[in-house]
Amino acid sequence: MVRPSPAGELDAVALETALLETWKNEQTFQQSIDSNRTGAPFIFLEGPPTANGKPGIHHVVARAYKDLVCRWKTMEGFLVERKGGWDTHGLPVEIEVQKRLDLMSNEAIEQFGMQAFNDACRESVWTYESAWREMTERMAYWVDLDNPYVTLHNDYVESCWWALKQMFDKDLLYRGHKVLPYCPQTGTSYSSHEVALGYKEVEEPSVYVKFKLVDDDASILAWTTTPWTLPGNVGLAVGPDVTYARCRVREEPEGWQGRGGASVGEELILAKDLMGEVLRHHVDIIEEIQGSELVGKSYEPLFPDAVPRGDSSTAWTVLSADWVTTTDGTGVVHTAVMYGEDDYNLGMEVGLPAYHTVSMEGNFVNGVHPELDGRYVKSCDDTVMDILIGRSETIASGLLYREKSYLHDYPHCWRTDHPLLYYAMDSWFVRMTAVKERLLEFNDGVEWAPDWVGEGRFGEWLRNVKDWAISRERYWGTPLPVWRDEDGNMKCIGSIQELQTEVAKANEAGFENPECPDDVDLHRPVVDAFTLVSENGKPMHREPFVMDCWFDSGCAPFAQWHHPFDENKTFDASFPVDYICEGVDQTRGWFYTLLAVSTTVFDSPAYKRCLSLGLILDAEGKKMSKSRGNIVDPWDHFNREGADATRWYMVTAGAPWNPLKFDSNGVRETYAKMFLTLWNVYRFHADYAALDQFDPASSTSSYEQRSRLDRWILSKLHTTAKAYHDGFTNWNFHKACRELEDFIVNDLSNWYVRRSRRRLWDEAESGDKLACQHTLHEILVTLCRLIAPVSPFMVDTIHRNLTGETVHTAAWPLGTPGSTEGATADAWDEDLAAATAQLPPHDAGLEHEMELVRELAETGRRIRIDAQRRQRLPCAEGWIVAGPNLEPYHDLLCEELNVENISVETDLDRFQQVELAVNFRALAPRAKGDVNAIAGQIKNHSDQEALLSDIRSGSCTIMGVDILESDVEVRRAEREGYAAATITVGENDEASHVSLVLDMQDTPHLLSKGLARDITRRIQSKRKDMNLDIEAMIDVEVWLHDAPELFEEDQAWIAKETRASGIVFSLESAPSDTESFDVDGAQIAYRVLNV
RNA sequence: GCGCGGGUGGCUUAGUCGGUUAGAGCACCCGGCUGAUAACCGGGAGGUCGCAGGUUCAAGUCCUGCCUCGCGCACCA
């Protein structure tokens, strides 16, 4: 037997913290999982956050959506286990530690000691773990934080090694170069994110250089903003479809600034479109040439000693590249293989020599040019130009055509402020280009929310997929498990055991290695210390890289289970996962790396559904970020409105994939509107249920015993729950929740409870009271279950008090498909018809009628305001004109409208008149341009009734167009001169027009009733001011000196309503120590005494 | 520069297939109602639906261009 106890005032924060304690004690989370042990699994994968930053409100949003779906699926009977995870490797961790220890270069780190540095990283990773844990628990994100996967753990790293070996064995892993922004000062290359931090506008010299053709007395002009790359030039790229011009210098230009030039008669080749931009000389065009015709021509190297030709046949020739444009420069791109990404790719494609002319320290290497060797490249711009000008007799005959300063954004080291160099680094790659088709295929099978992220942003990315540069020249990360000897022979190690075997083998071959125990630390520098042996007996050293930390997280689906070393079953049953959810910024991050790893390792997709969340912006619309300092602390809201309101606000503020402007005021509004209202509805029910010892289990109230109001709210609940569920299955959580909130505030609180209040005041047992209590009970229990996935606190308190059980192991009101035999999580979108069978009966007619009744009640208030008649003064009669039969609601309407009697007027024309409006959709196709004129004529026609009958008889033609009955809509409006209003119910063809008319005549009887209402209201208000108990009796005195007559029955009614045991009405003047008020000009005085 | 998504009263936003008077909430003003809650009801003020063209009888909605914000990519000779 469950009897609710009284609810009391709401203190959301206290309620939530108390529940957290209860959940901990009862292990409610675990229970909710255990109770579904036999259910079909629904696999969720947690994207691991990094705990070396403080959690902000934007993290709460992501966790709210993760939690919502997991809780919902759990209630649907699925087994939803949620393993937590932590991302613990990577550059951010290193940078944090570098800052703290003031180690701003690789050299400094190595001096400090790699082991000590990595120890510091290992520790730093957990800086904010407790903050994360507290936030996670407080917001009630249910995830297993006690057994999380951690990317730095040996088991995890070992799985990553295993995955790499799979790739290696499939020849998907290779060693090459990648051109990266590189800082010679810190010896570090940067990820795009860091590069973005350091863009600065700088003015630098750019140069136009002449490249002399070998078998032709002409030069090709090329432009570069980085003169330091010119010694490395090995090719010139032209657009095959670009038109070039061969011009001969006719005469000297008028003005010439800077160095460089050309002699009269000299021939230059450049894009025709850019001649005006580039050339300063007067020239004659000798010939127009297609780019493709230039391809293959040889030219003389600028710095003949800088780069050896090797076996390249294409070095120092003109090459074709379709990305060459004529938007700037000369339409010819100087190509230095090692110092530009396009250059490098082109060089690899056509076989240009790949030699560095610049060292890792940023200096020219020896042998480039006597005046440059050993110098820092960025300070050599002038020297390079001088060399190009050379020792020629005139500047004009040198190789420099022109110099020109150039203003552009250039990346700088965000730590040292030095310009970065694009520099080809040794690097390891995953051959993603080889599996592109599979990636696209797998992506097609993913259900994306919103779909345009998958098809658009992500699909675009995949269609342009490039090989994944997965190695980093760093210290703190999963080490690349590849060992290599001097001849380039390689071994990829896929497990600790394999490492031990290889170490033993090497030791046998005579190498000395440290111990390699079972729990060997799979990090640098420990693994660096092992020397393995190659087939031909040579020492193999580990490639000195760590993995991109995104590789780690991409391995999460299997590495979290230490696959394939442990628990194979867990992995097999949980891959691919059913659901992941992260911010849209993970598109190229985790969403990609998961798919990249699963495709290359398992030839499988990694996830079936992906919810991609919009960014969280601050109130000004700026992205929340640490550097801006605009991060909202979730605790500001947890400690004020509570986690329920915060979560509900997040979900209702907009579509999950849209950017969310986080508005603190919105959380407050959600609290006041949604949760306070829900609580008060619950409180109303619980207080009376407690008073009456109501027990839902030991009494019943059949559907037939329920009042129309009960059946209406039950039907409304049916409709709302169905739409809510439908919203969930379509990812429209925001629409679902808004609709539910509207139901609670509008339908439940403002109409059902308001209209039902008196039913529960009845102190005697009655079938009607019981019907109301059962109805409230059912509504509240269902609501709790619907709300629980989104905001799990208050509804649990309510559910527990009403049913004795937690809501979190309760069944979803629309069924539990997860617990049916043979179910799978793929059945996201179950049979709605079957699901709604579990809800209370739906009655569309009833909903429609009640909508009309409510509108009529509101209309009555409007009529009174127009007629300046106060609400409490009754009207003798109200007429309802037209519309459906509302007979059963007349009592209700009498109360709402404050009229003595309601009657139905069947003679429509007594209060209504016809108004015609054009149905544009029907008439416009025939009337074309005249449609508006015709509409005007119809609307302004002086006799609408006559016009209508003309139309009906087919004898109406306006402006040559026959007007048919289907061309017009017939509307009815109230006639002028009555205290009346007309409303429209329904839409289009179904629309009906109902008028309400109120009788404005006063009688002594009505005035007396109105007066009684006013007096009652004053006394009630006084009772409230005096803080009297609802049950308390009072004594009342009233002075009605110049008031209308107050009949005896109304006097008695006042006494009853106000619970007055003694009441005295006097016609004398009131004493001075009384309170008084005004009713239609009469002063009424009164006094209330506590008995 | 390229791609994606936005721009609707002071603020947050809804707006389906192009259709008649652009709908709500917050805040504001006036009035009402209340043993009904930080509530509720009625009314009011507040909108060139980013700008400019175009298609159409009809455009917040479709098309083109531009401006602007956010994000991603590229910043490159």
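Just so it is clear, the structure is predicted and the values come from calculations on it, not from any experiment. Chain naming here is simple, since letters A, B, ... match the order of the sequence lines and numbering starts at 1 in each.
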Work out how far the [atom1] atom of [N] is from that of [M], and round it to whole angstrom.
N: B/C62; M: B/C17; atom1: P; value: 10 Å
N: B/G72; M: B/G25; atom1: P; value: 36 Å
N: B/C33; M: B/C40; atom1: C1'; value: 8 Å
N: B/A77; M: B/A14; atom1: P; value: 42 Å
N: B/U21; M: B/A38; atom1: P; value: 41 Å
N: B/G44; M: B/A27; atom1: C1'; value: 15 Å
N: B/C41; M: B/A24; atom1: P; value: 12 Å
N: B/C51; M: B/U61; atom1: P; value: 11 Å

[X] near the nucleic acid: base, sugar-phosphate alone, or nothing, with a heavy-atom cut-off under 4.0 Å?
X: A/V753; answer: nothing
X: A/Q1020; answer: base
X: A/F684; answer: nothing
X: A/L676; answer: base
X: A/T677; answer: base
X: A/R738; answer: sugar-phosphate
X: A/R1013; answer: sugar-phosphate
X: A/D663; answer: nothing
X: A/R864; answer: nothing
X: A/A917; answer: nothing

Within 6.0 angstrom of A/R668 CZ, more than 12 heavy atoms from elsewhere: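 No.
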
Going by distance alone, is a donor N or O of one side chain under 3.5 Å from an acceptor N or O of the other, for A/T1016 and A/R1013?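 Side chains of A/T1016 and A/R1013: no pair found under 3.5 Å.
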
Comparing A/T335 and A/L615 on RNA chain B - which has the more 5′ nearest nucleotide: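 With A/T335 and A/L615 compared, the 5'-side residue is A/L615.
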
For RNA chain B, whose closest nucleotide is more 5', that of A/E669 or that of A/V745?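 The residue closer to the strand's 5' end, by nearest nucleotide, is A/E669.
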
Output the rounded distance in Å from [atom1] ([X]) to [atom2] ([N]).
X: A/L346; N: B/C76; atom1: CG; atom2: P; result: 18 Å
X: A/E895; N: B/C33; atom1: CD; atom2: C1'; result: 15 Å
X: A/W648; N: B/G25; atom1: CH2; atom2: C1'; result: 16 Å
X: A/R1018; N: B/C33; atom1: CZ; atom2: P; result: 9 Å
X: A/N345; N: B/A77; atom1: CG; atom2: C1'; result: 14 Å
X: A/E739; N: B/A14; atom1: CD; atom2: P; result: 15 Å
X: A/Y682; N: B/U37; atom1: OH; atom2: P; result: 18 Å
X: A/L923; N: B/G19; atom1: CG; atom2: C1'; result: 12 Å

State, yes or no, whether a side-chain contact exists between A/I958 and A/I938 at a heavy-atom distance under 4.5 Å.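 With C-beta onward as the side chain, the pair touches.
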
Are A/T225 and B/A77 close enough that a side-chain N or O sits under 4.0 Å from OP1 or OP2?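 It does, given that an N or O in the side chain of A/T225 lies less than 4.0 Å from OP1 or OP2 of B/A77.
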
Taking only N and O in the side chain of A/K673, is any of them less than 4.0 Å away from OP1 or OP2 of B/U12?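 For A/K673, the contact criterion (side-chain N or O under 4.0 Å from OP1 or OP2 of B/U12) is not met.
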
Step by step, would you call A/D747 with A/R854 a salt bridge (Lys or Arg N to Asp or Glu O under 4.0 Å)? CA-CA 10 Å; A/D747 297 328; A/R854 291 180 68 179; 2.8 Å; yes

Of the nucleotides [options], which one has an atom closest to the side chain of [X]?
X: A/R757; options: B/C33, B/U37, B/C41; value: B/U37
X: A/N665; options: B/U20, B/C76, B/C26; value: B/C26
X: A/Y671; options: B/C26, B/U13, B/A38; value: B/A38
X: A/V324; options: B/C57, B/C76, B/A77; value: B/A77
X: A/N750; options: B/C41, B/C57, B/C33; value: B/C41
X: A/Q871; options: B/U37, B/G42, B/C33; value: B/C33
X: A/W223; options: B/A77, B/C71, B/U13; value: B/A77
X: A/F920; options: B/C57, B/G19, B/U37; value: B/G19
X: A/K735; options: B/C41, B/G15, B/C26; value: B/G15

Checking base pairs now: Watson-Crick or wobble, both atom distances under 3.5 Å. What partners [N]?
N: B/G72; result: B/C2
N: B/C33; result: none
N: B/C49; result: none
N: B/U12; result: B/A24

Looking only at the aromatic ring of each residue, does the gap between the centers of A/W228 and A/Y339 stay below 6.0 angstrom?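 Ring-ring flag for A/Y339/A/W228: true, centres closer than 6.0 Å.
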
Please report whether the ring centroid of A/W448 lies less than 6.0 Å from that of A/F591.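 Aromatic pair counts; centres sit under 6.0 Å.
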
Measure distances between side-chain N and O atoms of A/R861 and base N and O atoms of B/G32, and say whether any donor-acceptor pair falls under 3.5 Å.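 No.
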
Do any N or O atoms from the side chain of A/R864 and from the backbone of A/R870 form a donor-acceptor pair under 3.5 angstrom?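 Between the backbone of A/R870 and the side chain of A/R864 there is a qualifying donor-acceptor contact (under 3.5 Å).
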
Measuring from atom CG of A/L270 to atom NZ of A/K210, what distance do you get when rounded to the nearest 0.5 angstrom?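 If we round to the nearest 0.5 Å, A/L270:CG and A/K210:NZ are 13.0 Å apart.
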
Could you give me the CA-CA distance, side-chain angles and deciding distance for A/I963 and A/L923, then say whether side-chain contact (heavy atoms from CB on, under 4.5 Å) is met? CA-CA 8 Å; A/I963 308 299; A/L923 183 60; 4.1 Å; yes

